[in-house]
**Student:** 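I have a structure here, written as C-alpha coordinates, and I will follow up with some questions on it.
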Amino acid sequence: KCEFLTEEARTVEERRKGLSDRDKLCNNCGMLFYFDTPSVYGFWMKGMRFDLDILWISGEEIIGVKEKVSHSRQETFYPPGKVDKVLEIGAGKIRECGIEVGQQIKN
(Lines give C-alpha, C1' and ligand atoms only; values in the text may rest on other atoms or scores of the structure.)
Protein backbone atom coordinates (compact mmCIF):
# COMPACT_ATOMS: atom_id res chain seq x y z
CA LYS A 1 0.00 0.00 0.00
CA CYS A 2 1.43 3.36 -1.04
CA GLU A 3 0.64 6.97 -0.35
CA PHE A 4 1.36 9.67 -2.89
CA LEU A 5 2.03 13.35 -2.46
CA THR A 6 -0.09 14.78 -5.26
CA GLU A 7 -0.23 18.06 -7.08
CA GLU A 8 -3.72 18.99 -8.23
CA ALA A 9 -4.71 19.90 -11.77
CA ARG A 10 -8.18 21.46 -11.64
CA THR A 11 -8.24 24.13 -14.35
CA VAL A 12 -8.23 23.53 -18.08
CA GLU A 13 -4.72 25.01 -18.33
CA GLU A 14 -3.37 22.95 -15.39
CA ARG A 15 -4.81 19.77 -16.92
CA ARG A 16 -3.43 20.62 -20.37
CA LYS A 17 0.10 21.16 -19.00
CA GLY A 18 0.04 18.23 -16.57
CA LEU A 19 3.53 16.90 -15.88
CA SER A 20 4.97 17.90 -19.25
CA ASP A 21 8.28 19.74 -19.50
CA ARG A 22 9.56 18.29 -16.22
CA ASP A 23 12.69 16.18 -16.00
CA LYS A 24 11.46 13.81 -13.29
CA LEU A 25 8.86 13.03 -10.65
CA CYS A 26 9.77 12.30 -7.03
CA ASN A 27 9.47 8.67 -5.91
CA ASN A 28 6.04 8.97 -4.25
CA CYS A 29 4.71 12.00 -6.11
CA GLY A 30 1.94 12.24 -8.63
CA MET A 31 -0.53 14.56 -10.29
CA LEU A 32 -4.24 14.22 -9.62
CA PHE A 33 -6.46 15.61 -12.38
CA TYR A 34 -9.98 16.64 -11.35
CA PHE A 35 -12.95 17.00 -13.70
CA ASP A 36 -16.28 18.62 -12.80
CA THR A 37 -18.29 16.30 -15.04
CA PRO A 38 -17.57 12.56 -15.31
CA SER A 39 -16.65 11.66 -18.89
CA VAL A 40 -14.15 9.71 -21.01
CA TYR A 41 -11.15 12.07 -20.99
CA GLY A 42 -8.15 11.37 -23.21
CA PHE A 43 -4.57 11.71 -21.99
CA TRP A 44 -1.41 11.96 -24.07
CA MET A 45 2.33 12.10 -23.41
CA LYS A 46 3.06 15.35 -25.27
CA GLY A 47 6.09 17.09 -23.79
CA MET A 48 6.79 14.27 -21.32
CA ARG A 49 10.37 13.38 -20.44
CA PHE A 50 9.69 10.27 -18.32
CA ASP A 51 7.35 7.27 -18.33
CA LEU A 52 4.14 7.10 -16.27
CA ASP A 53 1.49 4.84 -14.83
CA ILE A 54 -2.07 6.16 -15.18
CA LEU A 55 -5.00 5.40 -12.86
CA TRP A 56 -8.55 6.11 -14.09
CA ILE A 57 -10.82 6.94 -11.13
CA SER A 58 -14.60 7.22 -10.85
CA GLY A 59 -15.72 8.60 -7.49
CA GLU A 60 -13.27 6.87 -5.18
CA GLU A 61 -12.86 3.66 -7.22
CA ILE A 62 -10.07 2.80 -9.63
CA ILE A 63 -11.87 1.66 -12.79
CA GLY A 64 -8.82 1.23 -15.03
CA VAL A 65 -5.03 1.43 -15.15
CA LYS A 66 -2.43 1.89 -17.85
CA GLU A 67 1.05 0.76 -16.83
CA LYS A 68 4.46 1.96 -17.95
CA VAL A 69 3.31 4.41 -20.61
CA SER A 70 6.42 5.47 -22.52
CA HIS A 71 7.04 9.19 -22.71
CA SER A 72 7.68 8.75 -26.44
CA ARG A 73 4.21 7.30 -27.20
CA GLN A 74 2.19 9.51 -29.53
CA GLU A 75 -1.34 8.15 -29.16
CA THR A 76 -4.07 9.32 -26.80
CA PHE A 77 -5.09 6.98 -23.96
CA TYR A 78 -8.69 6.72 -22.74
CA PRO A 79 -10.27 5.24 -19.61
CA PRO A 80 -12.59 2.23 -19.85
CA GLY A 81 -15.53 4.35 -18.67
CA LYS A 82 -16.48 7.77 -17.36
CA VAL A 83 -14.07 9.21 -14.79
CA ASP A 84 -13.92 12.34 -12.66
CA LYS A 85 -10.29 11.91 -11.60
CA VAL A 86 -7.08 10.65 -13.15
CA LEU A 87 -3.86 10.02 -11.23
CA GLU A 88 -0.49 9.99 -12.97
CA ILE A 89 2.38 8.42 -11.03
CA GLY A 90 5.85 7.17 -11.88
CA ALA A 91 6.12 4.15 -14.17
CA GLY A 92 6.19 0.89 -12.24
CA LYS A 93 4.32 2.23 -9.20
CA ILE A 94 1.09 0.36 -10.00
CA ARG A 95 2.91 -2.96 -9.75
CA GLU A 96 5.19 -1.89 -6.87
CA CYS A 97 2.22 -0.71 -4.79
CA GLY A 98 -0.12 -3.56 -5.72
CA ILE A 99 -2.69 -1.18 -7.19
CA GLU A 100 -5.64 -2.94 -8.86
CA VAL A 101 -8.87 -2.09 -10.62
CA GLY A 102 -11.70 -2.03 -8.08
CA GLN A 103 -9.62 -0.61 -5.25
CA GLN A 104 -10.80 2.49 -3.42
CA ILE A 105 -8.61 5.58 -3.13
CA LYS A 106 -8.38 7.99 -0.22
CA ASN A 107 -8.08 11.71 -0.85
Side-chain angles (χ1 to χ4, degrees):
K1 192 172 188 177
C2 297
E3 291 186 18
F4 296 96
L5 176 63
T6 57
E7 292 179 55
E8 296 181 352
R10 292 184 179 269
T11 69
V12 172
E13 185 54 38
E14 289 170 342
R15 291 189 299 255
R16 184 177 292 122
K17 182 166 177 50
L19 293 168
S20 64
D21 299 324
R22 298 184 190 198
D23 292 324
K24 62 183 177 179
L25 187 63
C26 82
N27 188 44
N28 284 322
C29 291
M31 181 165 278
L32 187 57
F33 297 78
Y34 287 91
F35 299 94
D36 294 330
T37 305
S39 190
V40 178
Y41 297 100
F43 276 66
W44 65 89
M45 300 298 282
K46 183 177 180 183
M48 289 299 300
R49 298 179 182 154
F50 52 91
D51 301 347
L52 291 173
D53 284 352
I54 302 173
L55 285 70
W56 310 106
I57 303 164
S58 178
E60 305 302 317
E61 181 181 353
I62 299 168
I63 66 162
V65 297
K66 185 75 177 164
E67 294 187 65
K68 296 184 179 178
V69 180
S70 171
H71 67 280
S72 62
R73 300 274 299 262
Q74 298 298 312
E75 69 266 37
T76 302
F77 300 95
Y78 294 94
K82 292 182 178 180
V83 297
D84 58 356
K85 292 181 274 307
V86 175
L87 178 61
E88 292 182 340
I89 53 179
K93 286 292 182 182
I94 287 175
R95 178 163 290 163
E96 179 183 321
C97 297
I99 297 169
E100 298 178 348
V101 170
Q103 286 181 329
Q104 301 292 306
I105 65 158
K106 289 188 230 176
N107 280 339

**Student:** What is the distance from atom CD of Glu75 to atom CE of Met45, rounded to the nearest 0.5 Å?
**Tutor:** 10.0 Å
**Student:** Hey, does Asn28 have a side-chain heavy atom less than 4.5 Å from the side chain of Leu5?
**Tutor:** no
**Student:** Is the CG atom of Asp21 crowded by more than 12 outside heavy atoms at less than 6.0 Å?
**Tutor:**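 Yes, enclosed.
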**Student:** For a quick test of reading the model, state the closest non-hydrogen atom pair linking Val40 to Lys82 and the distance between them.
**Tutor:** CG2-N, 4.1 Å
**Student:** Same cluster or not: are Tyr34 and Ile89 linked, directly or through other Ile, Leu, Val, Met, Phe, Trp or Tyr residues, by side-chain heavy atoms under 4.5 angstrom apart?
**Tutor:**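 Yes; Ile89 is reachable from Tyr34 via cluster members.
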**Student:** Using every non-hydrogen atom in the two residues, find where Ser58 and Ile63 come nearest and quote the distance to one decimal.
**Tutor:**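 Scanning both residues completely, I find the closest heavy atoms to be CB-CG2, 3.8 Å.
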**Student:** If you measure from CG on Leu19 to CG on Leu25, what distance do you get to the nearest 0.5 Å?
**Tutor:** 6.0 Å
**Student:** Sort and list the pairs that fulfil disulfide bond (SG atoms under 2.5 Å apart) and have at least one residue in residues 8-59, not counting sequence neighbours.
**Tutor:**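 Pairs touching residues 8-59 that pass the test: Cys26-Cys29.
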**Student:** In the single-linkage hydrophobic clustering (I, L, V, M, F, W, Y; side-chain heavy atoms under 4.5 Å), do Phe4 and Ile62 co-cluster?
**Tutor:** yes
**Student:** Between Ile99 and Lys93, does a side-chain contact (heavy atoms from CB on, under 4.5 Å) hold up when you go through it step by step?
**Tutor:** CA-CA 8 Å; Ile99 297 169; Lys93 286 292 182 182; 5.5 Å; no
**Student:** Indicate yes or no: does Lys68 engage Asp51 in a salt bridge with an N to O separation below 4.0 Å.
**Tutor:**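 Salt bridge between Lys68 and Asp51, a charged N being under 4.0 Å from a carboxylate O: no.
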**Student:** So which heavy atom on Ser20 is nearest to which on Lys46, and how close?
**Tutor:**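 So the two residues come closest at CB-O, 3.4 Å.
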**Student:** Do you know which two heavy atoms are closest between Leu55 and Val65, and how far apart they sit?
**Tutor:** CG-CG1, 4.2 Å
**Student:** So, for Glu14 and Phe33, which heavy atoms are closest and what is the spacing to 0.1 Å?
**Tutor:**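 It is O-CE2, 4.5 Å.
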**Student:** Around atom CD of Glu3, are there more than 12 heavy atoms from other residues, nucleotides or ligands closer than 6.0 Å?
**Tutor:**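 12 or below, so no.
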**Student:** Evaluate the side-chain contact (heavy atoms from CB on, under 4.5 Å) criterion for residues Leu32 and Lys85: first the C-alpha distance (whole Å), next the side-chain angles of each, then the deciding distance (0.1 Å), finally the verdict.
**Tutor:** CA-CA 7 Å; Leu32 187 57; Lys85 292 181 274 307; 4.2 Å; yes
**Student:** Which one of Met48, Met31, Lys17 satisfies the side chain to side chain contact (heavy atoms under 4.5 Å, CB included) criterion with Arg22?
**Tutor:** Met31
**Student:** Do Ser72 and Ser70 get their side chains close enough for a donor-acceptor pair, meaning under 3.5 Å?
**Tutor:** yes
**Student:** Are Val69 and Leu87 connected in the hydrophobic side-chain network, where two residues link if heavy atoms are under 4.5 Å apart?
**Tutor:**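 No; Leu87 is not reachable from Val69 via cluster members.
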**Student:** Hey, does the side chain of Asp53 reach the backbone of Glu67 with a donor-acceptor pair shorter than 3.5 angstrom?
**Tutor:** no
**Student:** Could you tell me the separation between the CD atom of Glu7 and the CD atom of Glu88, rounded to the nearest 0.5 Å?
**Tutor:** 11.0 Å
**Student:** For Arg49, look at atom CZ and say whether over 12 heavy atoms of other residues, nucleotides or ligands are found less than 6.0 Å away.
**Tutor:** yes
**Student:** Rounded to the nearest 0.5 Å, what's the gap from OG1 on Thr76 to OH on Tyr41? Could you check?
**Tutor:**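 So the OG1 of Thr76 and the OH of Tyr41 are separated by 15.5 Å.
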**Student:** Run the side-chain contact (heavy atoms from CB on, under 4.5 Å) check on Val86 and Ile54 step by step: do they pass?
**Tutor:** CA-CA 7 Å; Val86 175; Ile54 302 173; 3.6 Å; yes
**Student:** With ring-ring contact (aromatic ring centres under 6.0 Å, His included) as the rule and sequence neighbours excluded, what pairs involving residues 45-89 come up?
**Tutor:** Phe43-Trp56
